[in-house]
Protein chains: 2
Amino acid sequence: MDAGLDEAAGKRARGLDRAFEILDFLRQKRQALKPNEIAAQIGAPRSSVYELVNLLLRNGILEFTGGEGRVYLGRKLYFLGAAYENHFDFTRECEAALERLADETRETAQFCMLDGNKYTVVRMREGARPFRISTDIGQSVPIPWTASGRLLVAHMTNEEILAFIPQQDFQLPSGEWLDPAAFLTEVRDTERDGHFTFNSIVDSFTHCFAVPVMGDAGHAAATLCLVAPRDDGLANRDRYLDCLKDAARRLSHAPLQSRRA
Amino acid sequence: MDAGLDEAAGKRARGLDRAFEILDFLRQKRQALKPNEIAAQIGAPRSSVYELVNLLLRNGILEFTGGEGRVYLGRKLYFLGAAYENHFDFTRECEAALERLADETRETAQFCMLDGNKYTVVRMREGARPFRISTDIGQSVPIPWTASGRLLVAHMTNEEILAFIPQQDFQLPSGEWLDPAAFLTEVRDTERDGHFTFNSIVDSFTHCFAVPVMGDAGHAAATLCLVAPRDDGLANRDRYLDCLKDAARRLSHAPLQSRRA
DNA sequence: ATCATGTGTACATTATATTGGACGAAAACG
DNA sequence: CGTTTTCGTCCAATATAATGTACACATGAT
């Protein structure tokens with residue numbers, strides 16, 4: 001049911017883990033929930049959740065909102081997040097890069113990172129076309145579903161990758177299963193080429209491009225992506241890739257590093 | 001030393017509280033620290049801090065950065081903060097309001113909120129003048145030191161206010177003590193007038209203006225402020241106040257409320 | 001009315017998280 | 001070189017946090 005975090009069940013959960021499970025759950029749901037609902041949906045004891053929620057409320061990590069005793073992420077988290085963003089000051093240059101990409105390609109441009117063992121769109125610039133994008137900002141998406149996913153795990157060994165990505169995530173939205181071996185092959189190719197493009201496996205009408213943005217550790221800390229209609233994407237493949245690599249090169253200089261010594 | 005959170009000492013601290021103490025401390029310091037340093041500076045047992053830090057690292061709440069095993073706030077916090085910002089979507093209109101204010105007054109405009117029982121500048125727009133501002137974005141400042149502080153606690157009773165603000169915070173940076181009774185009088189006047197202005201008690205050359213931005217609960221959820229050179233501020237007092245109140249009225253409509261039903 | 005279901009609170013039990021202190025390695029220092 | 005300080009890890013003891021269970025009170029369906 002609850003796809004347990006680590007090992008088997010039957011053990012007591014640690015408060016801290018439970019707490020962040022609650023926070024992540026609220027983030028995923030993107031709406032205020034009653035403690036009772038949270039407990040039911042994450043499969044945690046009600047008494048524990050009530051206790052944790054009260055604790056988090058006292059700390060400003062959660063806030064009452066939406067009435068009926070519903071809670072959602074609190075202001076303190078905003079402050080902490082702002083401090084992170086300020087320290088690893090990627091926002092400004094990131095926006096500039098997306099702006100450029102959108103100008104040059106008229107397609108939807110995204111800046112993506114790993115969130116734990118999921119892929120997530122951190123910032124997005126909508127393209128010129130009125131275009132239904134499959135993933136919203138901040139949503140957690142299984143790594144194998146995305147072009148960027150190939151890049152974001154490319155620094156790991158095959159074994160590490162398989163240990164890192166939940167088995168379940170190889171099941172595509174269509175219900176089909178992606179062969180992990182095939183995925184690994186694509187990762188290795190990607191690593192060699194420095195980019196990955198494919199017809200999206202999440203929808204049936206887009207072509208996705210992804211290139212890495214290098215970080216401190218010498219591997220992809222993030223990616224820049226384009227999402228284009230298939231015919232467009234295929235027609236402009238080379239040019240789009242050039243634009244992306246250019247943007248990524250600029251970004252790889254300053255950002256994602258600490259500003260202070 | 002560590003101005004303890006609640007009651008007396010001698011008791012065991014709860015992991016969660018300790019954890020958020022660590023996070024807040026890192027935010028305040030605005031730099032990566034070694035677990036050892038954290039433990040020493042917040043006065044917590046080393047073994048506890050090491051355990052907590054490892055736990056937070058595993059959750060992506062903290063990250064290694066700066067080498068030597070130093071840690072700082074992690075990406076997960078950024079994501080959570082972004083979700084908060086997205087939910088209570090004040091950023092856009094807030095920036096617009098600050099922009100307008102800066103245009104109209106050429107002074108430094110700030111958007112401020114409470115962070116727990118401290119005052120903090122959430123967003124700032126520098127004025128035309130090359131002007132040394134006393135408080136940076138995201139820094140926690142004692143409530144009594146600021147004009148906005150009078151507004152942000154105005155919905156409480158006198159007793160609540162005195163219980164809310166740490167005694168220590170009535171000591172000004174100069175070392176002088178502000179009389180709590182005098183502070184309360186100012187708060188009540190402020191509540192009546194709907195604004196507060198004064199010659200800053202943090203520095204000796206600015207005049208500060210603050211007006212409330214009303215939130216869900218019917219009281220000041222935030223403030224808009226101007227920080228001006230004293231002569232300028234006094235000369236333009238009425239006009240500046242009009243600008244502020246105008247901006248605050250616009251802001252009080254939509255923002256700081258949830259976007260969803 | 002009766003029952004099922006959702007909601008918040010209170011409390012005893014026990015598994016365990018927090019803690020102090022011990023240990024060794026490495027770095028700073030004289 | 002010794003000596004002192006900083007640093008990270010390990011471990012047993014016990015204070016306590018997480019949990020199951022029971023209770024109180026709605027609400028709405030039958």
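Just so it is clear, the model here is predicted, and its values are computed rather than measured.
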Taking atom P of C/dA25 as reference, at what distance in whole Å does atom CZ of B/R46 sit?
16 Å

For A/A40, report the nucleic acid contact type (base, sugar-phosphate, nothing); a contact means any heavy atom under 4.0 Å.
nothing

Identify which nucleotide among D/dT6, D/dT9, D/dA13 has an atom closest to any side-chain atom of B/R12, counting heavy atoms from C-beta outward.
D/dA13

Which nucleotide in C/dG8, D/dC7, C/dT18 has an atom nearest any side-chain atom of A/Y50
C/dG8

Tell me: CD of B/E51 to C1' of C/dA17, nearest whole Å?
7 Å

Intermediate values then yes/no, side chain to side chain contact (heavy atoms under 4.5 Å, CB included), B/K76 and B/L80:
CA-CA 6 Å; B/K76 178 82 83 191; B/L80 291 169; 4.1 Å; yes

Verdict with reasoning, A/F90 to A/F111, per side chain to side chain contact (heavy atoms under 4.5 Å, CB included)
CA-CA 11 Å; A/F90 56 85; A/F111 179 79; 4.0 Å; yes

Side chain of B/S47 only, please: which of C/dA17, D/dG8, D/dC10 is the nearest?
D/dC10

May I ask you to say whether A/D169 pairs ionically with A/K118, meaning some side-chain N is under 4.0 Å from a carboxylate O?
yes

Pair B/R123, B/E95 - check side chain to side chain contact (heavy atoms under 4.5 Å, CB included), show working.
CA-CA 8 Å; B/R123 306 200 103 92; B/E95 291 294 349; 2.5 Å; yes

Closest to the A/E37 side chain: C/dT13, D/dT6, C/dT7?
C/dT7

When you check the phosphate oxygens OP1 and OP2 of D/dC7, does a side-chain N or O of B/K34 lie under 4.0 Å from one of them?
yes

Quick one, B/E51 with A/R14, criterion salt bridge (charged side-chain N to carboxylate O under 4.0 Å, His left out). Give me CA distance, side-chain angles, the key distance, then yes/no.
CA-CA 12 Å; B/E51 162 134 10; A/R14 186 177 265 239; 2.3 Å; yes

With the side chain defined as heavy atoms from C-beta on, A/P35 is closest, among C/dG8, C/dT16, C/dT18, to C/dG8

A side-chain contact here means heavy atoms from C-beta on lying under 4.5 Å apart; do B/I143 and B/F164 qualify?
yes

Phosphate OP1/OP2 of C/dT18 contacted by A/R14 side-chain N/O (<4.0 Å):
yes

How close or far is atom P of C/dT16 from atom CG of A/L16, stated in whole angstroms?
16 Å

When the nearest nucleotide of DNA chain C is assigned to B/L55 and to A/N36 on a heavy-atom basis, which residue is associated with the more 5' position?
A/N36

Look at B/R18 and C/dT19 and indicate whether a side-chain polar atom (N or O) is within less than 4.0 Å of OP1 or OP2.
yes

The helix from C/dA1-D/dT30 to C/dG30-D/dC1: angle between its terminal axes, five pairs each, to 10°?
30°

Minimum-distance pair of heavy atoms, taken over all atoms of A/R30 and B/A83:
NH2-CB, 3.9 Å

